[in-house]
Amino acid sequence: MKWGLFGGTFDPVHFGHLRAAQELITLLNLDRVIFIPAALPPHKTACVITPFKHRSQMIRLAIEGNDQFYFSDVENLRPGKSYSMDTVQYFLDTHDKSLELYFITGQDAFDVITTWYKWEKLLSLCHFAVMTRPGYENKGLVHILPPDIAARFVYDQQNEIFKDPQGGSVFFRKTTFLDISSSDIRERIHQGQSIRYLVPDNVIGYMEANKLYRAE
Ligand code: ATP
Ligand code: MG
């Protein structure tokens, strides 16, 4: 089994997330993608984040009807900051050894991987699926990882995979460029503009019913 773990703040989830996850299923032959909202995102402590309950409910609505998309609230069940390392460890500990995990990030998130908690350990525990994102160039591993660690990875040109003999592999994959971000969606709602076709309609309905992201 190959599962994609898609971590993020998802404040809110949008078509950029959904379409990229759908394409990765095909590109990497994944059996499922699990959307895992962070309860306390380590990188976003400074800003005000929408309560977990709302962010997770919007994901549930967005993935409704897609039998390869799953939701997990595992990060809300742990106290303190939501570290991806703990989440990956949890999935490995609670499933069969044959399960292969692909941690999914956009290029912007992977660019700063060395700021993540126990990032070296994380790279050793699972594969990474790094999706293209408008505005972020894929400059390869040498620009992201320290030289000694980047040098460990062997490039398999035929399959376009960077393989670490001591750990997981990194798969850079081109997904359809959708220049959509949660921050832009929040800003548009704040300005009273429409977000139709950026977010699924049922998610928009939920936001409206719960008066999310509106200016006071
Ligand atoms: P924000 O603007 O609040 O940071 P966001 O749109 O970046 O929101 P996140 O929840 O921060 O959404 O992103 C979760 C993951 O999804 C990250 O790895 C990010 O790189 C990736 N991602 C988000 N939007 C896109 C997109 N349009 N295309 C490809 N990857 C994306
Ligand atoms: Mg982001």
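Every number for a ligand or one of its atoms is a count from 1 in the order of the listing. Hydrogens, waters and symmetry mates are skipped; everything else that's a heavy atom, side chains included, is used. Sequential numbering from 1 along the given sequence is applied to the chain's residues.
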Looking only at the aromatic ring of each residue, does the gap between the centers of [Y] and [X] stay below 6.0 angstrom?
X	Y	answer
F71	F35	no
F171	F162	no
F110	W116	no

If I apply the N/O under 3.5 Å rule, does [X] come out as touching ligand 1?
X	value
R186	yes
F10	yes
G106	yes
L178	yes
D108	yes

How does [X] reach ligand 1, if at all, at less than 4.0 Å between non-hydrogen atoms: by side chain, backbone, both, or neither?
X	answer
D179	neither
Q107	neither
S181	both

Check: Is the Lys NZ or Arg CZ of R32 less than 6.0 Å from the centre of Y70's six-membered ring, within 45° of the axis?
Finding: yes
Just by distance, no angles: are the side chains of [X] and [Y] close enough, under 3.5 Å, to form a donor-acceptor pair?
X	Y	result
N159	D156	yes
R186	T50	no
S124	Q166	no
Q22	N66	yes

Ligand-side contact atoms (ligand 1) for residue partner [X], heavy atom cut-off under 4.0 Å:
X	value
T105	18 (O)
T132	29 (C)
T9	10 (O)
G16	27 (N)

So, 4.0 Å and heavy atoms of [X]: is ligand 1 close enough to count as a contact?
X	value
H14	yes
I185	no
F6	yes
R19	no
G7	yes

Check: Which of these passes side-chain contact (heavy atoms from CB on, under 4.5 Å) with P37: V13, I59, I49, D11?
Finding: I59
Next item on the list: Take atom OH of Y90 as the centre, draw a 6.0 Å sphere, and report whether it contains more than 12 heavy atoms from other residues, nucleotides or ligands.
Entry: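 Open.
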[atom]: which protein heavy atom is closest, and how many Å away?
atom	value
atom 13 (O) of ligand 1	H17 NE2, 3.5 Å
atom 28 (N) of ligand 1	R133 CG, 3.8 Å
atom 30 (N) of ligand 1	M131 CE, 3.4 Å
atom 4 (O) of ligand 1	K44 NZ, 3.0 Å
atom 1 (P) of ligand 1	S183 OG, 3.5 Å

Once the angle between the rings of [X] and [Y] is folded into 0 to 90°, is it parallel (under 30°), tilted (30 to 60°) or perpendicular (over 60°)?
X	Y	value
H127	Y102	tilted
W3	F91	perpendicular
H14	H17	parallel

